[in-house]
> 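The structure is given below, and queries will be raised subsequently.
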Amino acid sequence: MEMESMASAIGVSVPVLRFLLCFAATIPVNFLWRLIPGGPPTKHLYAALSGAILSYLSFGFTSNLHFLVPMLLGYASMVLCRRYCGIITFFLGFGYLIGCHVYYMSGDAWKEGGIDATGKHYRLVFKSLVFHLLFGSLMVITLKVISCVINYNDGVLKGENLREAQKKNRLLKLPSITEYFGYCLCCGSHFAGPVYEMKDYLDWTEKKGIWMHSEKGSSPSPYGATLRALLQAAICMGLYLYLVSHFPLSWFTDPLYQECGFWKRLGYQYMSGFTARWKYYFIWSISEASMIISGLGFSGWTDSSPHKPRWERAKNVDILGVELAKSSVELPLVWNIQVSTWLRHCEFPVFLKIACHVLPLHFDVACLDGSSCLAENLNQLKTRLVANVYERLIQKGKKPGFFQLLATQTVSAVWHVIDAFFVSGHDLMIKTQKSHLSGLYPGYIIFFVQSALMIAGSRVIYRWQQATSTALLKMILVFLNFAYTLLVLNYSCVGFMVLSLHETLASYGSVYYIGTVVPIALILLGNIIKPAKPVRSKARKEQ
């Protein structure tokens with residue numbers, strides 16, 4: 001009863017409150033990891049047990065049974081069939097996720113974000129919401145399992161056939177069961193990520209690699225960076241709670257919305273997308289604080305004098321980078337950063353292995369530079385991602401194109417239709433009279449297809465920008481790319497929020513499909529107005 005009164009006081013449901021309390025508890029749990037006596041085995045055991053206990057307190061006993069399925073499938077494939085364990089785990093892991101999502105229909109709970117405690121379907125909806133939150137965590141565990149298995153698969157390949165990322169992350173020997181479980185459940189990091197590599201987890205636990213004492217210093221103090229992340233989380237939640245009451249999603253189906261003028265409807269779409277992003281910023285800020293305080297978020301020292309610690313491994317979003325993106329191409333570099341890295345390093349190596357057996361194509365396994373289509377002033381994440389999450393699908397001797405971009409976004413869409421990470425827990429009540437039996441929502445698919453169009457259109461503007469030598473025209477094109485990104489991003493993300501096909505098309509149609517028409521028009525114009533290619537030096541061509 002006390003939990004219900006607390007939930008009612010802050011305007012969320014009981015499952016959401018329980019999840020948030022356990023999620024916040026990951027910060028002290030990660031801090032205590034630093035104080036655990038004994039060597040790595042003890043720390044692995046603590047990481048696994050603390051993660052399992054937090055899962056039990058948040059989701060119930062069933063949660064750990066669900067987590068065990070992909071974890072055991074992945075470990076068994078490594079033990080029994082190392083040569084094909086990556087492909088086996090990829091399909092089994094994603095198959096289990098899709099099956100669970102369809103069975104529990106968790107998308108409805110995400111969309112509505114509340115519980116009708118007076119309705120006769122209370123227990124059904126309550127269970128659906130709990131399992132929605134659970135499967136957000138199950139998604140993270142699945143990504144970690146696939147990453148670990150693929151890295152173990154890479155351990156049998158010859159070094160000259162591997163990219164730098166594969167050489168860095170590959171596992172030459174099978175992790176012990178305690179190492180593996182500690183990695184998957186590490187101190188509750190599976191609640192909302194970010195995803196990281198098994199090699200990094202082992203080095204962190206054993207004080208190897210960048211966690212060793214060096215001339216630049218020992219492990220840095222995490223407390224200042226943790227406080228900064230917590231302050232950021234508080235600001236994000238405050239902004240979200242203030243804005244969500246002014247820009248609820250329910251207004252998209254209100255007759256008053258349809259009576260508004262075009263510019264007001266377009267402005268409301270922008271503000272709805274802007275509002276929704278702050279809850280993601282809040283969640284990712286809390287997870288960032290948890291990883292930083294444990295020390296696992298440390299990613300090395302700067303080259304400046306004096307040396308300063310970097311915490312990029314814990315970072316899953318660059319808020320200003322998203323809201324002030326000068327180009328749509330920048331967005332994958334600053335939003336859900338660690339999953340973007342996973343898409344690049346883990347998903348497409350699997351697709352490549354399948355394609356090599358099925359298709360008569362020769363793929364270039366080298367890491368492509370791709371910087372010719374990116375702005376020169378991207379932040380330090382550019383060197384890690386370079387927007388080539390599709391690099392393994394490039395045919396030898398050819399440049400990446402719209403197909404590779406669309407394929408990457410489609411994989412992202414499949415991953416997101418399985419479930420979403422968070423529940424808003426605010427404002428709306430479950431409409432229990434509706435029954436969506438499919439469990440897979442068109443809004444996700446439409447959003448990611450839209451995002452592929454958005455990025456392709458932005459590249460056209462960028463190519464025009466690079467080809468002009470007039471400073472004023474270049475500035476105009478930079479501003480146009482910025483405005484274009486704001487327009488199409490917030491138009492597109494309505495589908496991600498409302499989920500259903502009818503509501504997505506209705507909201508897009510209310511602004512005359514401007515966010516679809518403009519990118520397509522730019523892509524067509526790009527095939528007509530083709531600027532001269534910039535001349536590259538001979539040294540550059542040889543790279």
Side-chain angles (χ1 to χ4, degrees), residues 55 59 62-77 84-112 124-125 127-150 184 190-193 195 336 338-340 342-343 346-351 353-355 358 389 406-423 434-449 451-452 495-501 504:
S55 297
F59 312 122
T62 311
S63 64
N64 289 313
L65 297 181
H66 277 293
F67 296 156
L68 276 175
V69 173
M71 289 164 60
L72 292 179
L73 286 173
Y75 200 80
S77 70
Y84 299 106
C85 60
I87 296 173
I88 293 170
T89 304
F90 183 91
F91 283 105
L92 290 179
F94 269 88
Y96 183 72
L97 269 177
I98 293 172
C100 287
H101 175 81
V102 172
Y103 183 77
Y104 290 107
M105 295 180 295
S106 57
D108 287 323
W110 179 90
K111 177 185 172 183
E112 305 297 350
L124 174 63
V125 176
K127 187 177 181 181
S128 175
L129 188 54
V130 170
F131 275 103
H132 158 74
L133 291 166
L134 162 64
F135 287 121
S137 299
L138 184 58
M139 288 171 69
V140 177
I141 284 183
T142 301
L143 298 190
K144 293 171 79 172
V145 167
I146 293 173
S147 176
C148 175
V149 174
I150 288 177
C184 292
H190 60 291
F191 275 22
V195 177
N336 214 354
Q338 303 306 329
V339 171
S340 294
W342 185 88
L343 282 168
C346 293
E347 287 197 25
F348 286 104
V350 173
F351 288 138
K353 292 170 186 175
I354 298 169
V358 177
V389 299
L406 184 60
T408 301
Q409 295 304 99
T410 300
V411 172
S412 297
V414 171
W415 186 72
H416 281 83
V417 297
I418 294 165
D419 208 344
F421 275 127
F422 315 114
V423 176
K434 290 187 178 181
S435 178
H436 297 281
L437 297 179
S438 67
L440 299 177
Y441 291 86
Y444 289 133
I445 300 290
I446 293 172
F447 169 77
F448 283 101
V449 172
S451 65
F496 194 94
M497 296 185 293
V498 302
L499 301 180
S500 76
L501 178 63
T504 300

> To the nearest 0.5 Å, what is the distance between CG (Leu143) and NE2 (His190)?
13.5 Å
> Taking distance alone, no hydrogens or angles, what donor-acceptor pairs closer than 3.5 Å link side-chain atoms of residues 92-99 to residues at least two apart or in another chain?
| from | atom 1 | to | atom 2 | distance (Å) |
| --- | --- | --- | --- | --- |
| Tyr96 | OH | His66 | ND1 | 2.6 |

> Would you say that Phe67 contacts Ser55 through its side chain, given a criterion of any heavy-atom pair below 4.5 Å between the two side chains?
yes
> Please report whether the ring centroid of Tyr84 lies less than 6.0 Å from that of Phe90.
no
> Please give me the minimum heavy-atom distance between Cys184 and Val145, naming the atom from each residue.
SG-CG2, 3.9 Å
> Testing the basics here: between Ala192 and Val140, what is the closest heavy-atom pair and its distance to 0.1 Å?
C-CG2, 4.1 Å
> Can you check whether Lys144's main-chain N or O pairs, donor with acceptor, with Ser147's side chain at less than 3.5 Å?
no
> Going by heavy atoms in the side chains, are Tyr75 and Cys148 under 4.5 Å from each other?
no
> Does Thr89 reach the main-chain N or O of Cys85 with its side chain, forming a donor-acceptor pair under 3.5 Å?
yes
> Hey, what do you get for CD1 (Ile446) to OG (Ser500), rounding to the nearest 0.5 Å?
9.0 Å
> Tell me the closest heavy-atom pair linking Val149 and Ser77, and the distance in Å.
CG1-OG, 3.9 Å
> Among all residues two or more places apart in sequence or in another chain, which pass the side chain to side chain donor-acceptor pair (under 3.5 Å) test with Thr504?
none
> Taking all non-hydrogen atoms of both residues, which atom of Ile150 and which atom of Gly86 are closest, and how far apart?
CG1-CA, 4.0 Å
> Between Leu501 and Pro442, which heavy-atom pair has the shortest distance, and what is it?
CB-CG, 3.8 Å
> Out of curiosity, Phe496 CZ to Ile445 CD1, how far, rounded to the nearest 0.5 Å?
11.5 Å
